[in-house]
Amino acid sequence: MFEQDVPLPPCNFVIFGATGNLASKKLLPALYRLELAGRLPEGLNFIAFARRDWDNAAWVSHMREVLARVGATGPGLERFIARFDYLKGELHDPEAYAALKDVLARPKLGVCSNVVFYLAINPDDFPAVIKHLDGVGLSKPRGLHRVVVEKPFGQDLESALALNELLHRHFDEEQVFRIDHYLGKETVQNLLVFRFANTLIEPLWNRNFIDHVQITVAESAGIEQRAGYYDRAGALRDMIQNHLLQLLTLVAMEPPPSLDADALRDEKVKVLRSIRPVPRNGVNTQALRAQYRAGSSPAGPMNGYQEEGGVAPGSVTETFAAAKFYIDNWRWRGVPFYLRTGKRLRENLSMIAIRFRHPPQQLFRETPIEVIDPNWVILSLQPEESMHMEIHAKQPGLGMDTRVLRLNACYRNPDDQPLDAYETLLLDVIEGDRTLFIRFDEVEWAWRVVDPILRQWSQERDFIASYPAGSWGPQESTRLFDSEQTAWRNSVELD
């Protein structure tokens, strides 16, 4: 997005797991929209690699069905379909990679040394694909191909280090694109502009003025068809270790010397390294896990996690996780950062809520105002993309009463088309811009932050708190707060 002097775009883009949910729901629609926008290079061709026993005609039929859901029609759709070839192959079959190498060498596609390998597959299959690509020489020439890895990047610190060692055995760090779709959201990117382009904001962005920060990613859906993955991962691994900690780094980072990719990521790593380690005897005071039980919504009754198909009997996997972290540096010393995420919560909500301190003098304590609510700045990512500020003003009339003025900055004009995060990130992969992708030391330090919590929870297998599906989570999560006056912010605009 910001880098200059990037390499030439690739001429081949291989999608492993092309018939899976990720490719169907995210990748194909995003790539199609890039086609319509004229952002795909003219010579770029795609190979859909999957295990289904299909030919090209069956694949084209599948593409039409998938893209019909996003209203794809006309010449743009036909141009996009013409870019694809389908290759049947098993991920663990070396012969499938020899066939892939042959397809990449066909005159129709052109021979080039710049290929994108997108791993839209189960993370357990990453090692096999990496090894087999190298086995047929598709990891060479080193330094040119690009491999895109979806989260999770390991299951803990040890497995993340092992995965990284494997990747670096066959690819350079500059070739590895670790994708976190949250970093492609425009509101997340706008956070950099909001903080560093406004002299009104940046001087207040520190421990002297900010009381605490809340980062919430709530989902109303359950685990759907992902029990096989989710029951082994849980909310802490699935969301906090990556998405929420990435948002925390963007809120807390220092101004980088430039918008160069490594300059940005250097500052994010500094934040992660500054997070105070959670002591083993402090896990239960700084973190909480829970699991949704049966509940209801306007649409009707909802199953509990234990009743979901594919969940192991007696599972204590958390579907809700909340944690409190402190950043021990000059800017943030003593300011708690509260992170929470969960499935089957009341509504879909993703936001960063910054609460400011009360004024140092209670000037209005002998007036009808008595206590003034604190000021907030809210950065909403979902369901709307907006920036929201709450300040106080006197109500019209003879008395000394106040009202809260809500200043909403929805930066998208009515005729602006929303940009899907995957569109941004896929275009960056094609252009070789790594700014919005995660460097391995970010992954490593994020695991170091959550590893003490994971280790403690792995030993506590007898009990897990619960909350009714359709609620805002367990009441016990309020015990994380440093102050009794603190409460979770559950909406952009409070009544």
Name each donor-acceptor pair under 3.5 Å that joins a side chain in residues 17-24 to protein atoms two or more places apart or in another chain, with its distance.
residue: Ser24; atom: OG; partner: Gly20; partner atom: O; Å: 3.0

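- For Ala96, the side-chain contact (heavy atoms from CB on, under 4.5 Å) partners are Phe49, Asp93, not counting sequence neighbours.
- Sorted by first and then second residue, the salt bridge (charged side-chain N to carboxylate O under 4.0 Å, His left out) pairs involving residues 47-61 (not counting sequence neighbours) form an empty list.
- For Arg79, the side-chain hydrogen bond (donor to acceptor under 3.5 Å, both in side chains) criterion is met by Glu35, not counting sequence neighbours.
- Listed by chain and number, the residues in a ring pair (Phe, Tyr, Trp, His ring centres under 6.0 Å) with Phe153 amount to none (sequence neighbours excluded).
- Considering only residues two or more places apart in sequence or on other chains, Ser61 meets the side-chain contact (heavy atoms from CB on, under 4.5 Å) condition with none of them.
- With sequence neighbours excluded, the residues forming a side-chain contact (heavy atoms from CB on, under 4.5 Å) with Glu173 are Asn164, His168, Arg178, Arg434, Arg439, Phe440, listed by chain and number.
- Applying the salt bridge (charged side-chain N to carboxylate O under 4.0 Å, His left out) definition to pairs two or more places apart or across chains, those involving residues 149-167 are Lys151-Asp238, Glu165-Arg169.
- Among residues two or more places apart in sequence or in another chain, the side-chain hydrogen bond (donor to acceptor under 3.5 Å, both in side chains) test is passed with Tyr97 by none.
- Considering only residues two or more places apart in sequence or on other chains, Lys88 meets the side-chain hydrogen bond (donor to acceptor under 3.5 Å, both in side chains) condition with none of them.
- Ring to ring, Tyr118 and Phe16 are not that close: their centroids are 6.0 angstrom or more apart.
- Annotation: His212 is not in aromatic contact with Phe337 [ring centroid separation under 6.0 Å not met].
- Of the options Leu91, Val14, Val129, Ile15, a side-chain contact (heavy atoms from CB on, under 4.5 Å) to Leu119 is made by Val129 and by none of the others.
- None of His170, His132, His145 except one satisfies the ring-ring contact (aromatic ring centres under 6.0 Å, His included) rule with Phe117; the exception is His145.
- Applying the side-chain hydrogen bond (donor to acceptor under 3.5 Å, both in side chains) criterion to Tyr86, with sequence neighbours excluded, gives no partner residue.
- The salt bridge (charged side-chain N to carboxylate O under 4.0 Å, His left out) analysis of residues 121-133, with sequence neighbours excluded, yields the pairs Asp124-Arg232.
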